[in-house]
Novice: 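This is the structure I have questions about; it appears just below.
Letters go in sequence order (proteins before strands), and every chain restarts at 1. Predicted model only: the values in this text are computed from it and were never measured.
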Amino acid sequence: MKYWLLKTEPEEYSIHDLAAAPDQTTAWDGVRNYQARNFLRDGMRVGDRVLIYHSNTEPLAIVGVAKVVRSSYPDASAFDRKSAYFDAKSKAESPTWVNVDLKLDRIFAEPLTLIQLRSEPALAGMELLRRGSRLSVQPVTTEEFRRIQRLAGG
DNA sequence: GCCAACGTTGGC
DNA sequence: GCCAACGTTGGC
């Protein structure tokens, strides 16, 4: 089993939206960066655990954990002209962009803020904490994941 | 609101 | 294939 971190802007889609979704499951769509796509498509497998991070909000924080319940499949929003995620270059016969499906695992009682994360020497190597890091799908090491679980009272 | 740190686009 | 210009992300 592998571990990941996904960023989302809560105004767009928050962990509370995931909690309210049917079966607490959603398609994670709209990823439009190749490196992030490669992690979704080539790295994520059913059963992997995913930290959910809220960006562009207050507080900036890891807010909970989800699990991968379906591995990658074509992102239909890329073919939808009315979608903000429409991509004319993505063809049905060779889709550029992919989704995975996620199911909520748990919401942290207290969000684990970016400030708290930065204060943990054991997490200093996290991609999330790297200056200028913009990657919205990131691998997380087992050690980092366990530390974060523990910090969040898991 | 600012701007650093990217990623993408397009002229050449 | 280079790289300047432009657009986006996202912390501050």
Novice: Between A:S136 and A:A36, what is the shortest heavy-atom contact and its length?
Specialist: OG-CB, 3.9 Å

Novice: Grab the NZ-C1' distance between A:K89 and B:dG7 for me, whole Å please.
Specialist: 12 Å

Novice: Show every ring pair (Phe, Tyr, Trp, His ring centres under 6.0 Å) that has at least one partner inside residues 22-65 of chain A, sequence neighbours left out.
Specialist: A:W4-A:F39, A:Y34-A:W97

Novice: With sequence neighbours excluded, tell me which residues meet side-chain hydrogen bond (donor to acceptor under 3.5 Å, both in side chains) with A:Q138.
Specialist: none

Novice: Which residue pairs pass the salt bridge (Lys or Arg N to Asp or Glu O under 4.0 Å) test when at least one of the two sits in residues 101-120 of chain A, sequence neighbours left out?
Specialist: A:D23-A:K103, A:R49-A:D105, A:E120-A:R147

Novice: Please write out each protein N/O paired with an N/O of nucleotides 8-12 of chain C under 3.5 Å, distance rounded to 0.1 Å.
Specialist:
from	atom 1	to	atom 2	distance (Å)
C:dT8	O2	A:R134	NH1	2.5
C:dG10	OP1	A:K7	NZ	3.2
C:dG10	OP1	A:R134	O	2.8
C:dG11	OP1	A:Y53	OH	2.9
C:dG11	OP2	A:N56	N	3.2

Novice: So, using salt bridge (charged side-chain N to carboxylate O under 4.0 Å, His left out) as the criterion, who are the partners of A:E127 when residues are at least two apart?
Specialist: A:R130

Novice: Mind checking what makes salt bridge (charged side-chain N to carboxylate O under 4.0 Å, His left out) contact with A:R41, not counting sequence neighbours?
Specialist: none

Novice: With a cut-off of 3.5 Å and sequence neighbours excluded, list every side-chain donor-acceptor pair involving residues 15-22 of chain A.
Specialist:
from	atom 1	to	atom 2	distance (Å)
A:D17	OD2	A:S14	N	2.8
A:D17	OD2	A:S14	OG	3.4

Novice: Output all residues satisfying side-chain contact (heavy atoms from CB on, under 4.5 Å) with A:N56, sequence neighbours left out; order by chain, then residue number.
Specialist: A:E9

Novice: Residues of residues 28-41 of chain A with any non-hydrogen atom less than 4.0 angstrom from an atom of DNA chain B: list those, numerically ordered, please.
Specialist: A:N33, A:Y34

